Amino acid sequence: MTMKLSRLLEDIKPLETIGDTDRNIVSLQSDSRRVEKDGMFVAVRGVTTDGHKYIPMVASAHVGAIVCEEFPAQLLNGITYIRVSDSAEALGKLASAWYGHPSSKLKLVGVTGTNGKTTTATLLYEMARLEGYKAGLLSTVCNYVDGRAIPTTHTTPDPLTLNELLAEMVEAGCDYAFMEVSSHAAQQKRIAGLKFKGGVFSNLTRDHLDYHGSVENYRNAKKMFFDGLDADAFALVNADDKSGLYMTQNTKAKVYTYSLRSQADFHTRILETRLDGTLLSFNGHDVEVAFTGRFNAYNLTAVYGASILTGFPEDEVLVNMSKLVPVAGRFQTFRSQSGVTAIVDYAHTPDALINVLDTIREIVGAGGKIITVVGAGGNRDHGKRPMMAREAACRSDRLILTSDNPRDENPDDIINDMRQGLSAPEMGRTLCITDRRQAIRTAIQTAEPGNVILIAGKGHEPYQEVKGVRHHFDDREEVMAAFKESENV
């Protein structure tokens, strides 16, 4: 594949160009290790390294063009140098142009927020398929091009991978695409150059402060997504979240709201709830769904509203709402022969734990017993660790603190950080078991019929990350193995 440099530059408005733009470019890269002769290199200032430091190396590889924010001291003949104000934004727009602006050939909907992104985006993808359309999905759990699964490494891929996947969706005949938009992706301009049909905001609570530094910065990173929507797009926001309308203060998109508590364009009431499902009323239409909890009622209301705004007929949407099933690792329920229920959920923030545990308590009642197994990730926001333990302890009858992707930290140190949030009485009903497999087995072995065990934090993840290595570990597999073991005793 080749493309004229002059055509590639049409979308980015360079500040200054030195060299020939009437030349063919054979590849586009932001990774200096993958550049080719006559290719283009975009020097991006990243979190851990600055691409500008690699310009001399890529120049010696005889690239055809270099995009940067500052020209190097030495300019080599035969290379076209392009100076831009923001190379990260330029990369997104260049990637879109390189792959033929695929997002403009799809009805692309982005979903952002702290919790609910994966469920909402995945269910919108499933809704489109139930409506008879080919669709694509970019999510934390897995990417899909129509029905073909492609493993994922990031919630939102880098611009080149992102546009390549969108181009594959176009090639496969997809009409729709749905994607999670992380705060990192918005901040780092990974979505620059994309054309969105609409955007959905779920909620905002504390998360990723190790990267953003403050809740305000985190909120503003998400707001950037809505700031970039065009006037012909829709912005659907949760009116019950205090950050909902803040997200749309500067958007050009047409704003719609959804709510469980107040008047909104899309309003839902919870009529009846159980561990295996809920009866909901969407704008006055009663529908039985295979989801549990208030937080899922919010997710489903977002799906209901976004489906209609995307163009699906409301009567068909309501029928298909009852056919949707939970996403892997999101309030995924298992039941033993002895009557013990285990729920595997991705909840890894204080607010997410509150949502899940309050849902369980509402269903089992004051007399039901809840056992929670939870940890906190290493090399991430330390401040949320004691908060997570505190919220879990006050909503559980027994708490087991354990390991959850310790990464480069000592898991015992992480558990000790969590313990700082517990009072003496709470510590009296808390166990600290570093080995996550043993923690899950202990919870199941000590549970009695009718008890509910929440295993939180990892959800769909099939690994434990320790010292840079991902070892296979799946909470769902561990639950089934522990159930089988306890039933054979």
Side-chain angles (χ1 to χ4, degrees), residues 106-113 116-139 144 146-147 169 173-181 196-203 229 232-241 244 253-273 276-327 330-331:
L106 297 159
K107 292 183 178 69
L108 175 64
V109 177
V111 182
T112 195
K117 293 190 299 296
T118 299
T119 294
T120 302
T122 303
L123 295 183
L124 283 167
Y125 162 77
E126 295 294 351
M127 177 66 75
R129 287 165 63 82
L130 287 169
E131 285 287 327
Y133 294 100
K134 290 187 175 184
L137 173 67
L138 297 165
S139 84
Y144 286 92
D146 195 15
M169 293 175 194
C174 292
D175 302 287
Y176 296 87
F178 304 94
M179 66 177 288
E180 295 182 51
V181 178
F196 284 93
K197 167 73 174 176
V200 180
F201 171 74
S202 60
N203 51 62
L229 293 178
D232 59 352
F234 70 81
L236 176 62
V237 299
N238 180 356
D240 295 343
D241 188 282
K254 186 169 183 181
V255 178
Y256 297 85
T257 58
Y258 68 95
S259 171
L260 267 64
R261 297 202 304 253
S262 58
Q263 288 299 313
D265 297 293
F266 304 98
H267 179 264
T268 295
R269 287 192 302 129
I270 299 174
L271 303 178
E272 182 183 329
T273 186
D276 62 350
T278 309
L279 179 62
L280 298 175
S281 176
F282 298 103
N283 279 8
H285 304 284
D286 295 359
V287 179
E288 184 74 40
V289 298
F291 296 78
T292 298
R294 180 170 293 271
F295 63 97
N296 269 324
Y298 275 108
N299 295 335
L300 290 168
T301 308
V303 171
Y304 167 65
S307 295
I308 293 170
L309 294 174
T310 300
F312 303 144
E314 182 177 17
D315 57 343
E316 295 178 13
V317 169
L318 289 165
V319 170
N320 289 330
M321 293 296 288
S322 65
K323 299 177 183 178
L324 297 173
V325 296
V327 177
R330 266 63 174 182
F331 211 88

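All values reported here derive from a predicted model rather than from experimental measurement. Keep in mind that the numbers below use all heavy atoms, side chains included, and drop hydrogens, waters and symmetry copies.
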Option passing ring-ring contact (aromatic ring centres under 6.0 Å, His included) with F266 (candidates Y258, Y304, F282):
Y304

Short side-chain to backbone donor-acceptor contact, D240 and L260, under 3.5 Å:
yes

Does G116 offer a backbone N or O that forms a donor-acceptor pair with the side chain of T119 under 3.5 Å?
no

R294 CZ to N299 CG distance, which is reported to the nearest 0.5 Å
13.0 Å

Polar side-chain atom of N283 near backbone of D265 as donor-acceptor pair, under 3.5 Å
yes

Give me the atom names and distance for the closest heavy-atom approach of T120 to V303.
O-CG2, 3.8 Å

Side-chain touch T273/T292, heavy atoms, less than 4.5 angstrom:
yes

What closest approach, in Å, do V109 and L124 show between heavy atoms, and which atom pair accounts for it?
CG1-CD1, 4.5 Å

Main chain of F291, side chain of T278: is a donor-acceptor contact present, judged purely on distance under 3.5 Å?
yes

Any heavy-atom pair between the side chains of S139 and K117 that's under 4.5 Å?
no

Taking the side chain as every heavy atom from C-beta outward, state whether T122 and L137 have any pair of such atoms under 4.5 Å apart.
yes

Approximate separation, where rounding is to 0.5 Å, of C174 SG and R129 CZ
8.5 Å

One should read off an interatomic distance between L108 CG and L138 CG, to the nearest 0.5 angstrom, of 8.0 Å

What is the minimum heavy-atom distance between M321 and V287, and which atoms define it?
CB-CG1, 4.1 Å

Residues two or more places apart in sequence or in another chain: which of them pass ring pair (Phe, Tyr, Trp, His ring centres under 6.0 Å) with Y133?
Y176, F312

For Y144, all residues meeting ring pair (Phe, Tyr, Trp, His ring centres under 6.0 Å), sequence neighbours excluded:
Y125

Flag, side chain of N238 to backbone of S202, donor-acceptor distance under 3.5 Å:
yes

Just jot down the ring pair (Phe, Tyr, Trp, His ring centres under 6.0 Å) partners of F196, sequence neighbours excluded, or say none.
F225

From N320 CG over to L123 CG, what is the distance, rounded to the nearest 0.5 angstrom?
11.5 Å

If you compare all heavy atoms of K107 against all heavy atoms of T310, which two are closest, and at what distance to 0.1 Å?
CD-O, 4.2 Å

Does the pair Y298 and D241 meet the rule for a side chain to side chain contact (heavy atoms under 4.5 Å, CB included), with working shown?
CA-CA 11 Å; Y298 275 108; D241 188 282; over 6 Å; no

Would you name the heavy atoms of A302 and L236 that are closest together and state the gap between them?
O-CD2, 3.5 Å

Here the gap from L280 atom CG to E272 atom CD, rounded to the nearest 0.5 Å, amounts to 10.5 Å

State the CG-CG distance between L279 and D286, to the nearest 0.5 angstrom.
5.5 Å

Which heavy-atom pair separates A121 from E180 by the least distance, and what is that distance?
CB-CG, 4.1 Å

Start with the C-alpha distance between V317 and H285, add both sets of side-chain angles, then the distance that settles side chain to side chain contact (heavy atoms under 4.5 Å, CB included), and finish with yes or no.
CA-CA 11 Å; V317 169; H285 304 284; over 6 Å; no

